[in-house]
Colleague: 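Input: one structure, supplied below.
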Amino acid sequence: MNFEKNPTTLAHEDVLDFVPDGVLIVDDNGTVTRANLAAAALLGYERHAVEGRGVLDFLPSFDWNLTRLPPHSGEFGRAHAAGVRTTARTRDGGAFTAEITALPLDRDAFHVDIPDGSSLVVSLRNVTPAEEERAALSHALRQAEAVLRTASEALVGTDTEGRIDLVNPAAARLLQGKASDLAGRELLPLLTPLGDDGEPLDAQTAPWILAVATGRGSGLPGQVVRLPDGTRLTANIAARPVTEDGRVVGAVVALTDRRPYEKLADEYLAARTRTARQHEAALARQEQRTDRAVEHAHELAGFLAGPLTRALHHLHAETSRLAGDSARPLWPEAALSLDTLAAELRLTMALVSSRSRPYVQDGAPDGPRRRTVLIDDVVQAGMRAATTFMGTTHVEFSVHAPKFAVHVDPEDMTTAVGRLIAEAIHTDEDAAPREPRHVFVAALHRHSLLRIEVRGPYGGGVGEHLDVVQGIARAHGGTLHTHRAPGSGGSTYVLELPSAVRDDTVADPGTTAPPALRPAGRHRALTA
């Protein structure tokens, strides 16, 4: 006779396999007598490998006393250690967080398919994902709390009726209360927006009310509000709705107190005002000094052009008259000394004249007056003009100046060549030789560039000459370079003027540059 199992009666072992949690049946000795498939899968073993081993192999921290309940204790069938978190070991040496629940069995009762002596049913469940989620949530909550506590803005959470749910410390200070006392109170009486007339605005226009009503963010920049103690301040108010499952459940209000920024703005404005006043005072003092300097310069120019020049002219005339008076013959040395003194007086008069005349002119300086001339004539006129500044010095010239046309201000070029020659032969040494001093002058051109070189035996010393030539070079858009030879080898001055040579233009052969110095005062920057 064949017997078939009744499908309506299942063995306990089959029932345990339907349970989603792992189940271990433990006897009095702590040995696992039964294990369902879920427990074997959690522990990483086959079912037969779990059964027969001690429960401490899988749950090292399991409370052993649960298997030793005294008989007739009345605790059978009641769960012990429900929801206890512990660590379970797996076959590969790993571990996971398990939540266990222990149910004592009556050892004297008969349980189908449960071995005799079994005293405990242990249910275990892997709660590692839940534990990680709980840890992540706890970390997020701590971070959110830290952000709320350290935020400089006042943050207030309200429900749909405008009552306070939460406040951060900044908001509690602003609303002049404790967080525990503010919870549940309406925000509008504590933070009342005011209109231009100082009266409270309509409650429905409050940003947090609008955010809840419309589901969109709302704000009032630079809004005057009244605090609980009646204090008024200007703040930026912004509100954003809080939604849950697509439903608005409240609003978050952020308030930025503008008083610190207004204080900084006032301090900045005060600092700028003090700085401006200091600058105005310094500018006034500088204008006074400038006025005194200009007045002194005019006085000095008047003295140079007036009394000093007349005295020098008188002294020069008397010295020249004595040197050339045939009625009073002098010994040769005295006559030579008078001639030398007359020459030095002419040099002094020329320097004084060039320094005094620019300051007399009050009009705006003019630019160079260019015209086409021959460079050879300009060089010859410059050599003659140099005699005004040479005194009794005898000079020998070597000149290389081909007859090519240039488009320059001939008076400026005459002045430049003459002063460079005077600078090249000037020396402050008392023991300088008395023989003639040799000067080399060359005028060259390459395409449209005019190059004038003056080479002399000494290094100069009269800064005025170079100042004048530098001014002429700038007025013509050119440059002046100085090359000092080592030792006592003298100096070379190179004046370069671009766009000064007209190869296609022939100057009138009869046109010569004026031999005299250019009129002082046309280029104030040249001699000032």
Side-chain angles (χ1 to χ4, degrees), residues 290 293-294 296-305 308-309 312 344 346-370 378-379 381-391 393 395 408-428 439 441 450-484 490-498 500 513-514 516-528:
T290 302
V294 171
H296 177 70
H298 281 288
E299 293 176 354
L300 180 59
F303 172 74
L304 292 176
L308 182 59
T309 300
L312 289 175
E344 295 294 338
R346 285 196 303 273
L347 173 61
T348 304
M349 290 167 58
L351 294 175
V352 169
S353 176
S354 64
R355 280 295 183 183
S356 62
R357 289 180 182 177
Y359 296 103
V360 177
Q361 302 293 332
D362 292 330
D366 299 327
R369 300 174 182 175
R370 293 182 176 89
V378 173
V379 171
M383 293 166 55
R384 290 191 295 270
T387 59
T388 305
F389 303 101
M390 292 189 304
T393 303
V395 180
V408 295
D409 187 323
E411 295 181 351
D412 282 353
M413 290 299 102
T414 297
T415 301
V417 173
R419 287 188 178 266
L420 289 180
I421 293 173
E423 182 73 9
I425 64 173
H426 179 82
T427 180
D428 293 330
V439 176
V441 182
L450 171 62
R451 179 186 176 98
I452 299 176
E453 294 186 11
V454 177
R455 187 185 310 156
Y458 297 111
V462 183
E464 178 194 9
H465 294 322
L466 293 183
D467 291 342
V468 172
V469 181
Q470 286 279 13
I472 293 174
R474 285 194 298 268
H476 283 260
T479 58
L480 173 65
H481 302 283
T482 302
H483 304 282
R484 305 289 185 186
S491 301
T492 300
Y493 304 96
V494 180
L495 176 62
E496 293 183 343
L497 303 179
L517 292 174
R518 64 172 176 80
R522 280 182 44 202
H523 299 291
R524 180 175 300 183
L526 306 184
T527 56

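We count residues from 1, following the sequence as given. Predicted model only: the values in this text are computed from it and were never measured. All heavy atoms count here, side chains included; hydrogens, waters and symmetry mates do not.
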Colleague: Please report the interatomic distance CG(L466) to OG(S491), rounded to the nearest 0.5 Å.
Modeller: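 Result: 9.0 Å between the selected atoms.
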
Colleague: Using salt bridge (Lys or Arg N to Asp or Glu O under 4.0 Å) as the criterion, list what pairs up with R370, not counting sequence neighbours.
Modeller: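 By the salt bridge (Lys or Arg N to Asp or Glu O under 4.0 Å) rule, R370 matches no residue at all.
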
Colleague: What is the distance from atom CD of Q470 to atom OG1 of T479, rounded to the nearest 0.5 Å?
Modeller: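 Going from CD on Q470 over to OG1 on T479, the span is 8.5 Å.
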
Colleague: How close do L497 and G478 get, heavy atom to heavy atom, and via which atoms?
Modeller: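 So the minimum-distance heavy-atom pair works out to CD2-CA, 4.0 Å.
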
Colleague: Should R484 and T482 count as side-chain neighbours, where that means a heavy-atom distance under 4.5 Å?
Modeller: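 Touching, per the 4.5 Å side-chain cut-off.
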
Colleague: Hey, does R419 have a side-chain heavy atom less than 4.5 Å from the side chain of I472?
Modeller: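 No. Closest side-chain heavy atoms not under 4.5 Å.
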
Colleague: Determine the minimum heavy-atom distance between M383 and V417, stating which atoms define it.
Modeller: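 Closest approach of M383 to V417, heavy atoms only: N-CG1, 4.4 Å.
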
Colleague: CD of E423 to CD1 of I421: how many Å apart, nearest 0.5 Å?
Modeller: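 Rounded to the nearest 0.5 Å, the CD-CD1 separation comes to 12.0 Å.
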
Colleague: Do T415 and E411 come close enough that some side-chain heavy atom pair is under 4.5 Å?
Modeller: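 A side-chain contact under 4.5 Å is absent here.
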
Colleague: Under the rule for side-chain hydrogen bond (donor to acceptor under 3.5 Å, both in side chains), what residues qualify as partners of H483, not counting sequence neighbours?
Modeller: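 Scan of H483 (side-chain hydrogen bond (donor to acceptor under 3.5 Å, both in side chains), adjacent residues dropped) gives none.
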
Colleague: Report the C-alpha separation of T492 and V454 in whole Å, then their side-chain angles, then the decisive distance to 0.1 Å, and conclude whether the side chain to side chain contact (heavy atoms under 4.5 Å, CB included) test is met.
Modeller: CA-CA 6 Å; T492 300; V454 177; over 6 Å; no

Colleague: For G418 versus A386, what's the shortest heavy-atom pair and its separation?
Modeller: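 In this case the closest contact between G418 and A386 is O-CB, 3.5 Å.
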
Colleague: Looking at every non-hydrogen atom in both residues, tell me the closest pair between L495 and A473 and how far apart they are.
Modeller: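 Closest heavy-atom pair between L495 and A473: CD1-CB, 3.6 Å.
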
Colleague: With heavy-atom distances below 4.5 Å as the criterion, would you say the side chains of V494 and I452 are in contact?
Modeller: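 When only atoms from C-beta onward are counted, I452 and V494 do not touch, as no gap falls below 4.5 Å.
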
Colleague: Could you check if a side-chain atom of H476 sits within less than 4.5 angstrom of a side-chain atom of R474, using non-hydrogen atoms only?
Modeller: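 Counting from C-beta outward, H476 and R474 never come under 4.5 Å.
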
